[in-house]
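First up is the structure itself, then whatever we jot down about it.
Numbers here are sequence positions counted from 1. Predicted model, so just to flag it, every value in this text is computed and none were measured.
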Amino acid sequence: MATNKSNVTLTGLARRFVEDGLLDEAIAKEAFIQASENRVPLITYLVQNKLADSRGLAFAAAMEFGMSVLDLTAFLPEMLPEKIVDEKLVRKHNVLPLYRRGNRLFVAVSDPTNIKALDEIKFNTGLSTDAVLVDDAKLRETIDRYLDSHDTSMGNLDDADLEGVETEGGDHEEDRVVALTEVDDAPIVKYVNKMLLDAIRGGASDVHFEPYEKVFRVRYRTDGMLKEISRPSIKLAPKISARLKIMAQLDISERRVPQDGRIKMKLSKTKAIDFRVNTLPTLWGEKIVLRILDPSQAKMGIDALGYEEDQKQLYLDALKQPQGMILVTGPTGSGKTVSLYTGLNILNTAEINISTAEDPAEINLEGINQVNVNTKVGLGFAEALRAFLRQDPDVIMVGEIRDLETANIAIKAAQTGHMVLSTLHTNSAAETLTRMMNMGVPAFNIATSVSLIIAQRLGRRLCSCKEPLNVPRDILLEEGFTPEQIDTGFTLYRPKGCDKCNGGYKGRVGIYEVVKINDELANMIMEEASSIQIAKQAQANGFRNLRQSALRKVIEGVTSLEEANRVTKD
């Protein structure tokens, strides 16, 4: 039940912020209500929603509680204490361990009223916990750098680890573990292991082994961009290809047709990484591409994906519905699978039966019944869907809607009390609707079953080494910024480059167009309107398109205008 603003009496920090002129009283009351309902500290809510300056909030809180504000830039992340506070607690409460003296632990917080965080840390560490007040924006940035610098999941592996790595193929019932030290050609084994481990360390998503007439090269795709890493002798190409095929338990004697397989690299008793493997016969040998599958991406949480607050809420609201269809669209490599699995992870409870049909299943999650489609034996998406409907499902995920038969079964499922999630390869939300019409799906069925469409791209994040860029007003208007955005004022940044990033970028962020199918759009679908007409109506209803969302990321300093143009400009 929603709280009435008129019934809210501001006290403590909220009152202080209003008295200091940092917030309008009406905004403060609304923020107080929303922060309480979302169970987040008031200061965190204000900063995340850009309702107030984080520095001003810190000094106002310091005056209210008689504390001083510590400048976090004085602390190097790698010098902060390691493994004292669990990463989950650091993320959950937005806190950072600074230093320890005896049995006292000093913890950076941006909201001194967050007593629950201090109590939970005290309980988990057994140490007396003292709060140190800091700027919320700097705290979040330092937490990210702290967790990166203390990430031991891959970074502590060295060449000595190469001997102990084990692999197993993942696509055969007779999976067997192959100890790499037992293979005769030790230099090839070491080289392949090093290439794969370096790819994992460097955050690559794909590894390409490519033979040509006179050269053999290895490339990594990092943050969406391919980069050449190594050029081993062309004479080694057959041996490297054979080694990779052995690891994936593929037929090494078959070089005429493509093959698909899977590798699980066991780095230790607790660390394992999966690779999806595909071979392709080319003029000069077999090109082999490995996709690195990271199950942790689906568990990052929706807040880490880059959705704007209103877009995130639309997605969460759609997931709460008992039935309907959520479609995620975009090109290959745009993060559709992660978006879908983030939604499935939210729905994955003991009370809900979830089944997925994929080609192949990339992310393995306990509690979800995953099926790999296999057209060779007659198990396609349509056949899997029919089987799901006899398995008492609540939620169904279809890897991709490729044909009319699959589309019709998915729509019937969405109309008969099931939540259905799937993907399509289209460029925008509006084109998704017209694509389904062109496939032969009746407009009435689309209008009554599709509840939400998410079109997405992945753009590269600017590293903290970014530098300001001055752009004339007329150029900004030409790029698509509104006069209101320009008059409000913002700083554009460009990539600079340092030893911690790739050409000024580090990591990627999602750029989204999230469209809820309301009555107006449903009527247009029924009238078989064009994608251009549907797109105009969606914008009239307040749903931002991909370009507008990308420009928001530019205004926020998350990415550069150059990157926004690369990802979204026609």
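- Comment: Glu562 does not engage Arg460 in a salt bridge, judged by the lack of any side-chain N to carboxylate O separation of less than 4.0 angstrom.
- With 3.5 Å as the limit, one finds a donor-acceptor pair spanning the side chains of Gln456 and Ser339.
- At a cut-off of 3.5 Å, with distance as the only test, a side-chain donor of Gln415 or Thr448 sits close to an acceptor on the other residue.
- Residues Asn94 and Asp136 bring a donor and an acceptor atom of their side chains to less than 3.5 Å of each other.
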Derivation of the side-chain contact (heavy atoms from CB on, under 4.5 Å) call for Phe388 and Ile409: CA-CA 11 Å; Phe388 290 166; Ile409 300 171; over 6 Å; no
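- Sorted by first and then second residue, the pairs that involve residues 506-560 and meet ring-ring contact (aromatic ring centres under 6.0 Å, His included), not counting sequence neighbours, are Tyr307-Tyr512.
- Counted within 6.0 Å of CD1 on Ile532, heavy atoms from surrounding residues, nucleotides or ligands total 12 or fewer; the atom is thus considered open.
- Ala413 and Leu389 get closest at one heavy-atom pair: CB-CD2, 3.8 Å.
- Side-chain contact, Asp394 with Asn353: no donor N or O sits under 3.5 Å from an acceptor N or O.
- A distance-only check finds no donor-acceptor pair linking the side chain of Thr329 to the backbone of Ala455 [under 3.5 Å].
- Taking every heavy atom of both residues into account, Glu141 and Ser464 meet most closely at OE2-CB, 4.3 Å.
- Using modelled atom types, one finds a donor on one side chain and an acceptor on the other under 3.5 Å when comparing Gln313 with Asp317.
- Judged by distance alone, the side chain of Gln548 and the main-chain N or O of Asn545 form a donor-acceptor pair under 3.5 Å.
- Enclosure of atom NZ in Lys287 by more than 12 non-hydrogen atoms of other residues, nucleotides or ligands within 6.0 angstrom is indicated.
- If you check the side chains of Ser549 and Gln311, you find a donor sitting under 3.5 Å from an acceptor.
- The backbone N or O of Arg219 lies less than 3.5 Å from no partner atom in the side chain of His208, so there is not a single donor-acceptor pair.
- In this structure, Glu405 pairs ionically with Arg386, as a charged nitrogen and a carboxylate oxygen lie closer than 4.0 Å.
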Stepwise side chain to side chain donor-acceptor pair (under 3.5 Å) check, Glu286 with Gln259: CA-CA 10 Å; Glu286 287 181 291; Gln259 296 186 67; 4.7 Å; no
Show your working on side-chain contact (heavy atoms from CB on, under 4.5 Å) between Val328 and Leu421 and close with a plain yes or no. CA-CA 8 Å; Val328 182; Leu421 296 90; over 6 Å; no
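- Thr568 and Arg547 share a donor-acceptor pair across their side chains, judged by distance under 3.5 Å alone.
- No more than 12 heavy atoms of other residues, nucleotides or ligands sit less than 6.0 Å from atom CG of Asp519.
- No more than 12 heavy atoms of other residues, nucleotides or ligands lie within 6.0 Å of CD1 in Ile252, so this atom counts as exposed by the packing criterion.
- A donor-acceptor contact shorter than 3.5 Å links the side chain of Lys245 to the backbone of Glu254.
- Side-chain contact check for Ser241 versus Arg255: every heavy-atom pair is 4.5 Å or farther apart.
- The shortest distance between side-chain heavy atoms of Ser531 and Arg435 does not fall below 4.5 Å.
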